Amino acid sequence: MNEAPKDFIREIIANDIKMGKYGGRVHTRFPPEPNGYLHIGHAKSILLNYGIAQDFKGKFNLRYDDTNPEKEEQEYVDAIKRDVQWLGAAWEDREFYASDYFEQLYQWAEELIKKGQAYVCDLSAEEVTAYRGTLQTPGRESPYRHRSIEENLDLLRRMRAGEFPDGSKTLRAKIDMAHPNLNMRDPVMYRIRHATHHRTGERWCIYPSYDWAHGQSDSIEGITHSICTLEFEDHRPLYDWFLDQLGIHHPQQIEFARLNLTYTVMSKRLLLQLVQEGHVRGWDDPRMPTIAALRRRGYTPEAIRDFMQRVGVTKVESIVEIEMLEHSLRQDLNKRALRRLAVLDPLRVVITNYPDDQIEEFEAINNPEDPSTGTRKVPFSKVLYIERDDFMENPPKDFYRLAPGREVRLRYAYFVKCVDVVKDAQGNALELRCTYDPATRGGDAPDGRKVKATIHWVSAQHAIEAEVRLYERLFTKPDPLDVPEGRSWKENINPNSLIVLQNCKLEPSLADAQAGDRVQFERKGYFCVDPDSTAKKVFNRTVDLKDTWAKLQRKQN
RNA sequence: UGGGGUGUGGUGCAAUGGUAGCACGUCGGCCUUUGGAGCCGAAAGUAGAGGUUCGACUCCUCUCGCCCCAGCCA
């Protein structure tokens, strides 16, 4: 690494290299459990681990911590792979599984027994809890703690052979039942689970606990720096103990604070609930904070990487405002998204003095931020659609757009003036009658006349019909988990988080947009073509544009 | 009341004994054929009390706040 380290972890690693630790080698890993989809919090870990490997010319592994057959599924394995790849983290041929190490782990367990450092315990789960003591009182030793090595070996082998029912026995490390760190009070290494594992099938009926598997898995892979989140800080002494007893390669564990975001939840358990109870349409519902959802919504890996860089890495538990993520997103999309004209909530406009059958084409800029993207033609005719909220019959003084008697510019086309409003019985505007000024062709007034607003439009006869899905935050509160005693966090779900518009009108150049394509609908926001698209396209709103008018209105309310 | 962590503007991060700075957000203004983008400006902070020092966000002592740990989850 050439420049100064960007965070305290890189600082530690840079120093390790200087001191010659691990021979100057750097090897990291991302160790997910395949029991759900990855979320943006995982993205922080992935990008951190992969980024470090890159910065220090080291290696990066993907390893599934698949030690709990009851919660894990192949679907999740596949989804995780897709997401890590999409984020740009390359594990090359180093895709590993803790389950590949089950035999080695087992052999090490026998080794610890032989050294008198592990024993088979017949206590029930409840009894183990009772014997463990509490935060401020020491635990008591299990009555099975002093079985002979031979008996322990025999029992463990019979556990493996399937002689005992689920939960009837465990293998435990023999450490210290009075240790102030509860993790050191004879932690469970193996539990009996007659369950089918998504990879090992029926081969095993005893499964290693995470604590017994994790450190050794890192060791086996030659990981130098085991980066993990804060809650594992007081497991570190246990991992150190296992590694030291076994006398094997000893990675250095470094803990950092996980990412939290306002207006969302970041827990696989809670996300699973949202999916299972139908509060969202699935793990990749664009309202979810999962990587799959962000991708479907139109986020870019670049935006996520930029965001992670801004957020930094520390040990301070914090909650980042979602606005920062949106800023990274807009900044990236602004540079790359092609601009298009689309009317989401159409209001019909007839240009009364425009020739009935005339059609003109106007040159429209694809992206003012990137001239290399060129221009395209947009057709114009007598009957158009404009955005319903670009018109107000009785506008307040700070409303610049169209109103009776007022003139605005139709982007790239002409100045038009509203001369009449056709209304239904309830007084809703059905259609606007406008006149245009032929001299303003292209949008410039030769007489130097100014308009306060430029609005977008789509020619009615050329418009493509589309569905547009508008997303709001999934929760109404910055901290969705902040609920009064006895109430559910689910009461904070935003009932308006999804609004589906069926009647949207798009300019014709959007006819061949493909799923995943991202565009900016001018003045409305960034949108991404959803895979649900058929002959009729479906667009997801990725994020809206900053809108000072909307903000003004919000303040007034 | 045990053990492990952690406190810098509203939010996220810097400053590693030497002028507390950056970004997001907020509020003004400029500009504008996107009320976008861009540009300019403003408000706003070291949890508290002592101590060491010419000088403390930084070192020491005490106090306070917050987070994690009593799964055969990870």
Side-chain angles (χ1 to χ4, degrees), chain A residues 6-7 11 31-33 35 65-68 70-72 121 123-125 128-130 132-139 166-172 179-185 187-193 206-207 209-211 213-214 228-237 255 257 259 262 268-269 307 309-328 330-331 334-335 339 341 364-365 368-369 398-401 409-413 415 440 442-444 451-456 478 520-525 544-552:
Chain A
K6 317 191 247 294
D7 56 66
E11 242 165 64
E33 185 193 12
N35 67 341
D65 269 338
D66 54 349
T67 54
N68 184 357
E70 286 165 339
K71 291 186 178 168
E72 296 155 8
C121 180
L123 254 26
S124 69
V128 168
T129 302
R132 185 152 33 225
T134 70
L135 294 177
Q136 30 263 348
T137 61
D166 286 3
S168 60
K169 285 179 167 43
T170 56
L171 181 72
R172 295 226 259 160
H179 201 107
N181 180 346
L182 304 223
N183 294 121
M184 301 299 270
R185 319 242 262 228
V188 169
M189 296 164 61
Y190 275 101
R191 9 63 137 147
I192 302 175
R193 282 294 109 90
I206 58 171
Y207 289 93
S209 64
Y210 175 84
D211 281 344
H214 190 77
C228 65
T229 43
L230 255 25
E231 68 271 26
F232 294 106
E233 208 149 14
D234 41 6
H235 291 237
R236 177 155 33 92
E255 307 85 9
L259 173 71
T262 55
K268 279 199 259 184
R269 200 187 95 246
F307 170 68
Q309 211 155 339
R310 288 170 190 270
V311 162
V313 182
T314 66
K315 297 187 71 156
V316 185
E317 293 182 77
S318 55
I319 305 174
V320 178
E321 291 175 337
I322 188 84
E323 286 82 357
M324 209 187 292
L325 210 211
E326 292 176 342
H327 172 79
S328 291
R330 288 195 185 99
Q331 193 178 263
N334 177 46
K335 292 279 183 287
R339 300 321 107 119
L341 302 183
I365 295 165
E369 304 289 327
D398 48 4
F399 182 84
Y400 306 161
R401 285 108 94 148
R409 171 166 41 232
L410 295 179
R411 174 136 240 224
Y412 299 122
F415 284 13
T440 59
D444 282 309
V451 287
K452 287 279 280 202
T454 300
I455 66 174
H456 60 281
Q520 183 198 96
F521 290 163
E522 291 209 22
R523 304 207 304 133
K524 297 269 62 164
D544 54 5
L545 253 22
K546 280 203 266 174
D547 186 341
T548 55
W549 167 242
K551 190 152 69 174
L552 246 174

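What you see is a predicted model, and the numbers here were worked out from it, not measured in a lab. Order of the sequence lines fixes the chain letters, A, B, ..., with proteins taken first and strands second; residue numbering starts at 1 for each chain.
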With a 4.0 Å cutoff (strictly under), does any side-chain N or O of Lys551(A) reach OP1 or OP2 of C27(B)? yes
So, OP1 or OP2 of G35(B): does either fall under 4.0 Å of a side-chain N or O from Arg523(A)? yes
Holding to salt bridge (Lys or Arg N to Asp or Glu O under 4.0 Å), I want the full list of residues that pass it with [X], two or more places apart in sequence or in another chain.
X         : value
Asp7(A)   : Arg10(A)
Arg401(A) : Asp390(A)
Arg411(A) : Glu522(A)

When you match Thr137(A) and Val128(A) each to their closest nucleotide on RNA chain B, which lands nearer the 5' end? Thr137(A)
Residue pair Arg236(A)/Ser168(A) against RNA chain B: nearer the 5' end by closest nucleotide is Arg236(A)
Any idea how Tyr210(A) and Phe232(A) line up, ring-wise: parallel (<30°), tilted (30 to 60°), or perpendicular (>60°)? tilted
All N/O pairs under 3.5 Å across the protein-nucleotides 9-12 of chain B interface:
from, atom 1, to, atom 2, distance (Å)
G10(B), N2, Glu321(A), OE1, 2.8
U11(B), O4', Glu321(A), OE2, 3.2
U11(B), O3', Ile319(A), O, 3.3
U11(B), O2', Ile319(A), O, 3.3
G12(B), OP1, Ile319(A), N, 3.3
G12(B), O3', Ser318(A), OG, 3.2
G12(B), O2', Val311(A), O, 2.9

Kindly write out the residues that satisfy side-chain hydrogen bond (donor to acceptor under 3.5 Å, both in side chains) with Glu231(A), not counting sequence neighbours, or none if the list is empty. Thr229(A), Arg258(A)
Any donor-acceptor pair under 3.5 Å joining the side chain of Arg172(A) to the base of C72(B)? no
Charged N-O contact under 4.0 Å between Lys315(A) and Glu233(A): yes
Stem segments of RNA chain B by first residue number [Watson-Crick or G-U, under 3.5 Å, at least 3]: B:2-7 with B:64-69, B:10-13 with B:21-24, B:26-30 with B:38-42, B:47-51 with B:59-63
